[in-house]
Amino acid sequence: MNTSRYAAFPQVPLDDRTWPAATVTAAPRWLSTDLRDGNQALAAPMSPERKLVMFDLLVAMGYKEIEVGFPAASRDDHDFVRMIIEQDRIPDDVRVSVLVQARDELIERTVESLRGAPRATVHLYNATSPQFRRMVFGMTRDECKDMAVHGTQVMMKYAERLLGTCDLGFQYSPEHFADTEPDFALEVCEAVMDVWRPGPDRPIILNFPTTVERSTPNVFADRIEWLNRNLSRREHVCLSVHPHNDRGTGVATAELALLAGAERIEGCLFGNGERAGNVCLVTLGLNLYTQGIDPGIDFSDLDHVRRTVEHCNGIPVHPRHPYGGDLVYTAFSGSHQDAIKKGFDAVEREAARTGADPSRMPWRMPYLPLDPQDVGRTYEAIVRISSQSGKGGLAYLMSARYGLNLPRALQIEFARHVQALADAEGGEIAPDRIRDAFLREYAVTPAVTPAGPLPETAGTVTALHIDGEGFGLGPRRTDTVRAVRSALAERGFRVRVVHHLGPAGREREEVAVYAQCGLDGRTFWGAGIERDVVSAALAAVDAAVARAGLRRPAAPAALPPLPERERRHAGRSGHPAGRPRRVIAGR
Ligand SMILES: CC(=O)SCCNC(=O)CCNC(=O)[C@H](O)C(C)(C)COP(=O)(O)OP(=O)(O)OC[C@H]1O[C@@H](n2cnc3c(N)ncnc32)[C@H](O)[C@@H]1OP(=O)(O)O
Ligand SMILES: CC(C)C(=O)C(=O)O
Ligand SMILES: [Mg+2]
């Protein structure tokens with residue numbers, strides 16, 4: 001590749017920059033340009049209907065400055081502006097703006113589109129960079145400056161003629177500011193201000209776009225700090241930035257610009273816009289939120305925002321898009337899942353200890369920069385199981401989704417089963433399949449249960465785990481059922497441990513008990529899930545004993561036929577192939 005065709009971007013001479021030591025403590029003013037810069041970048045620009053959906057979304061989210069179009073561009077753009085004005089759809093605390101080039105014929109139509117608006121801003125621009133002056137305009141610096149000055153004069157003339165009592169705002173952008181000599185950008189802005197004459201009730205927005213992002217964000221920040229120091233009438237100027245994302249650093253550019261003195265940011269939801277997009281307003285807003293700063297924008301139903309934006313733009317949001325993508329609150333890898341599970345366990349313990357509401361506790365969760373619930377997501381998709389997962393993730397899924405808190409040793413054992421499944425199938429294993437595999441493997445129901453005690457030699461049920469708590473049963477107890485009953489009674493087990501088994505909303509409340517059965521130096525786990533703890537404990541013991549194969553009949557053929565469900569499960573359990581699962585536990 002021919003690197004020699006490109007050159008590093010020149011630095012701004014600013015040796016005493018202060019922005020690196022600054023911090024952001026409040027949200028900037030936001031302007032959404034989804035309906036203008038975002039819209040102009042679509043293969044099929046939005047119809048007025050889709051524009052209205054986007055406009056209503058932006059208003060509902062709390063954006064107070066919305067660029068609604070380029071009325072001189074098309075009938076749709078013009079008619080949309082007319083529609084929201086005539087139908088009185090602009091809330092009192094929202095200001096719309098419209099963009100226009102510094103060209104007389106376009107300015108008239110643009111200003112005219114705002115007739116009847118109680119308040120609105122005209123946004124005028126012309127390119128100022130040397131390339132543009134040379135290649136596109138064929139103009140000197142002075143001629144280029146005159147273009148901006150003249151455009152401002154023409155805009156004011158038409159506004160006076162057409163807009164009557166409108167509370168008119170004015171914004172000027174030197175397009176390609178990031179490529180323009182800083183002193184020339186300043187000169188043009190000063191000349192524009194001389195015409196507009198900003199004052200106490202007559203502010204001006206000076207908006208500095210990267211237009212095409214070519215430099216590292218620190219270079220842009222230096223430019224903004226330099227302007228911040230050198231602009232006259234600074235108290236009447238709102239210093240705004242408009243980063244694009246050509247180098248993938250639009251967000252960083254905006255954030256460093258804030259440190260350098262910018263007060264307002266223009267961007268689009270999920271970073272729509274020309275080429276690699278405008279800066280993403282969702283990322284910027286939630287970046288502030290996760291620093292404890294209120295962005296002033298409602299992101300509490302981010303999936304709805306994303307769906308609406310996808311509908312309006314006709315472009316899908318990437319699954320890994322910060323904060324809003326489908327996968328950004330999901331861990332697939334084992335060590336991440338394990339740490340997240342431990343993080344949630346720690347929060348629960350802390351909440352139980354202090355009586356605090358977990359949803360109000362400080363968020364410090366490994367691998368999750370934001371509580372998904374804060375943006376309307378659930379915890380369900382936090383962990384998804386694949387061949388990269390381990391016992392921690394599995395334990396989280398079983399607990400969070402099905403209320404099954406597996407003891408650690410059982411987690412380890414079950415993880416091996418799931419790993420084998422993942423290795424065999426590849427890809428993701430759906431939660432319900434994992435739960436089914438667990439029930440099939442551990443909640444074994446003996447097919448025949450005649451009365452009578454277990455023989456002394458049958459093996460020893462060594463432990464019960466009820467809702468994550470282990471109860472050792474002592475070495476000498478061999479009568480399983482008696483051991484269970486007395487262990488529960490000795491502990492005065494009256495607590496009703498309630499789990500929801502199955503998807504949230506199912507009404508059955510059940511208790512899960514896990515039993516460990518030791519035989520010949522090996523351990524066999526069983527699970528019982530029943531409506532009360534004693535039945536669950538008995539079922540768990542039955543299952544553990546059954547899995548140990550303790551009371552296998554000598555001749556399986558002598559038993560009645562297997563029920564359909566049992567038949568399906570036989571041979572899929574990790575037991576040697578063909579070994580009968582039909583075992584009997586006495587009661
Ligand atoms: C960075 C940005 O996003 S800026 C916003 C850009 N947005 C858009 O362009 C979308 C809307 N635009 C349009 O619909 C059309 O371009 C229109 C209606 C504005 C103009 O259409 P046309 O008159 O056919 O001209 P065209 O689009 O080809 O523009 C080229 C002319 O604009 C001039 N021009 C380009 N940028 C500017 C500017 N910022 N200020 C003044 N004139 C400009 C060019 O020099 C050229 O002039 P020429 O006709 O003398 O050669
Ligand atoms: C019109 C201006 C602000 C623009 O969109 C840009 O330069 O990117
Ligand atoms: Mg732009």
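Counting starts at 1 for both ligands and their atoms, following the listed order.
Ranking protein heavy atoms by distance to atom 18 (C) of ligand 1, first place goes to A72 O, 3.7 Å. For atom 4 (C) of ligand 2, the nearest protein heavy atom (residue, atom name, distance) is H242 NE2, 3.4 Å. Among all non-hydrogen protein atoms, the one lying nearest atom 7 (O) of ligand 2 is T211 OG1, 2.5 Å. In terms of protein heavy-atom proximity, atom 36 (N) of ligand 1 is closest to Q101 NE2, 3.6 Å. In terms of protein heavy-atom proximity, atom 8 (O) of ligand 2 is nearest to H244 NE2, 3.0 Å. Looking only at heavy atoms of the protein, atom 44 (C) of ligand 1 is closest to V136 CG1, 4.1 Å. With hydrogens left out, the protein atom closest to atom 9 (O) of ligand 1 is F70 CE1, 4.4 Å, a heavy atom. Atom 2 (C) of ligand 2 has its closest protein heavy atom at R36 NH2, 4.0 Å. Nearest protein neighbour of atom 39 (N) of ligand 1, counting heavy atoms only, is Y125 CE1, 3.0 Å. Protein heavy atom closest to atom 13 (C) of ligand 1, with residue, atom name and distance, is A73 CB, 4.0 Å. Closest to atom 26 (P) of ligand 1, if we only count protein heavy atoms, is R103 NH1, 4.4 Å.
Side chains of R264 and L31 form a contact here, defined as non-hydrogen atoms less than 4.5 Å apart. A 4.5 Å side-chain heavy-atom check between H236 and D201 finds every atom pair outside the cut-off.
Atom 29 (O) of ligand 1 lies below 4.0 Å from at least one non-hydrogen atom of the protein. Atom 47 (O) of ligand 1 is not flagged as protein-proximal [any protein heavy atom, distance under 4.0 Å]. Distance check for atom 32 (O) of ligand 1: a protein heavy atom is found below 4.0 Å. Distance remark: protein heavy atom present below 4.0 angstrom from atom 2 (C) of ligand 1. Protein heavy atoms are absent from the space less than 4.0 angstrom from atom 15 (C) of ligand 1. Inside a 4.0 Å radius of atom 50 (O) of ligand 1 there is not any protein heavy atom.
Contacts of M135 with ligand 1, taken as heavy-atom pairs under 4.0 Å, are absent altogether. Contact annotation for F137 and ligand 1: only side-chain heavy atoms (C-beta onward) come within less than 4.0 Å of the ligand. When heavy-atom distances to ligand 1 are checked against a 4.0 Å cut-off, P209 has no atom that comes that close, whether in backbone or side chain. If you look at A127 next to ligand 1, the close heavy atoms, those under 4.0 Å, all belong to the backbone. Contacts with ligand 1 closer than 4.0 Å are made by side-chain heavy atoms of E175 only, the backbone lying farther away.
Taking any N or O of T211, backbone or side chain, none lies under 3.5 Å from an N or O belonging to ligand 1. Inclusion of Q40 in the set of residues having an N or O under 3.5 Å from an N or O of ligand 1 is warranted.
Around the CG atom of D16, the shell of radius 6.0 Å holds more than 12 heavy atoms that belong to other residues, nucleotides or ligands.
Two rings, from H321 and F270, have their centers less than 6.0 Å apart. Ring centroid separation for the pair Y172 and Y125 does not come in under the 6.0 Å cut-off. Aromatic rings from F299 and Y289 are positioned such that their centres are separated by 6.0 Å or more.
Of the N and O atoms on the side chains of E274 and H244, not one donor lies less than 3.5 Å from an acceptor on the other residue. No side-chain donor-acceptor contact under 3.5 Å links N126 and Q101. Defined by atom type and a distance below 3.5 Å, a donor-acceptor pair is missing between the side-chain atoms of Q131 and H176. D179 and S129 share no donor-acceptor pair across their side chains, judged by distance under 3.5 Å alone. Residues S240 and E263 bring no donor and acceptor atom of their side chains to less than 3.5 Å of each other. In this model, a donor atom of one side chain and an acceptor atom of the other lie less than 3.5 Å apart for Q171 and E266. Remark: the T249 side chain and the E213 side chain contain an N/O donor-acceptor pair separated by less than 3.5 Å. Side-chain N/O atoms of R82 and Q87 include no donor and acceptor closer than 3.5 Å. There is a side-chain donor-acceptor pair under 3.5 Å between Y379 and D371. For the 3.5 Å distance criterion, the side chains of T128 and T180 qualify, holding a donor opposite an acceptor.
Listed by atom number, the atoms of ligand 2 under 4.0 Å from D37 heavy atoms are 5 (O). Atoms of ligand 1 lying under 4.0 Å from any heavy atom of R36, numbered from 1 in the order shown and given with element: 2 (C), 3 (O), 5 (C). In summary, the atoms of ligand 2 found under 4.0 Å from a heavy atom of S173, numbered by their order in the structure, are 3 (C). Atom numbering of ligand 2 starts at 1 in the shown order; those under 4.0 Å from a heavy atom of E175 are 7 (O). Close contacts between ligand 1 and L106 involve ligand atoms 19 (C) [criterion: under 4.0 Å to a heavy atom]. Every atom of ligand 2 with a heavy atom of N207 under 4.0 Å away is listed here by number and element: 3 (C).
At the Mg ion (ligand 3), the angle from NE2 in H242 to NE2 in H244 is 90° when rounded to 10°.
Side chain of K51 to main chain of V68: a donor-acceptor pair is present (N/O by atom type, distance under 3.5 Å, no hydrogens or angles).
In D37, the N, O or S atom that comes nearest to the Mg ion (ligand 3) is OD2.
Closest of all the heavy-atom pairs between V212 and D246 is CA-OD1, 3.5 Å.
Taking the centre and axis of the six-membered ring of F80, the NZ or CZ atom of R75 falls outside the cone set by 45° and 6.0 Å.
At a 4.0 Å cut-off, at least one heavy atom of M147 sits close enough to ligand 1 to count as contact.
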